[in-house]
Amino acid sequence: MNKSTNIFKLMVKDHNKIEELLENLELKNNEDFDSMRDAFNKFEWELEKHIFTEEKAIFTSYNPEDVSQGYKMLPELTKQHNFLLNKLNNWRKDVRNKRMISDFYSFKVYLVRHKNFEEEKVYPMLDQSLSEDEKRHIMSKINEIVQK
Ligand SMILES: [Fe+2]
Ligand SMILES: [Fe+2]
């Protein structure tokens with residue numbers, strides 16, 4: 001792999017980490033409240049950091065002069081992120097009220113679909129269309145937030 005695959009590689013690594021945390025949350029949600037809450041706190045933190053990274057470090061730097069197919073992806077991605085953040089917020093309310101979280105399966109399906117969309121369409125498109133300078137700039141921002 002060459003340098004131009006870097007955004008893809010970094011972000012896929014983070015996706016895998018988030019998926020593991022989600023698997024763990026699913027397990028713990030079938031156990032006791034305290035383990036579920038701990039698993040939720042970790043999952044929420046990583047997913048929010050990830051979405052923040054995408055929106056503040058990656059998407060804001062992507063500003064093509066021609067309105068290409070890629071440019072039209074951004075509103076769709078933001079919409080999907082808002083759905084996920086909203087769902088997280090509902091789960092946060094459950095946890096505050098000492099309730100186990102609900103609708104686990106639909107969230108998981110949605111998250112996996114979102115992840116696949118980014119890995120198949122968004123990241124490869126970014127790696128292809130950004131200049132090496134722009135990528136270096138984005139990568140350094142990603143590295144400030146996301147663990148390597
Ligand atoms: Fe995302
Ligand atoms: Fe992502």
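These numbers come from a predicted model, not from an experiment. Both ligands and their constituent atoms are indexed starting at 1 by order of listing.
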Are any of the side-chain nitrogens in Asp103 or Lys87 under 4.0 Å away from the carboxylate oxygens of its partner?
yes
In terms of side-chain geometry, is the basic nitrogen of Lys49 or Glu46 positioned less than 4.0 Å from the acidic oxygen of its partner?
yes
Under 2.8 Å from the Fe ion (ligand 2) - does any N, O or S atom of Asp14 fall there?
no
Angle subtended at the Fe ion (ligand 1) by His114 NE2 and Glu54 OE1, rounded to 10 degrees:
170°
Of all N/O/S atoms in Glu118, the name of the one nearest the Fe ion (ligand 1)
OE2
Does Phe52 have more than 12 heavy atoms from other residues, nucleotides or ligands lying within 6.0 Å of its CZ?
no
When every non-hydrogen atom of Met73 is compared with those of Val122, the smallest separation belongs to SD-CG2, 3.8 Å
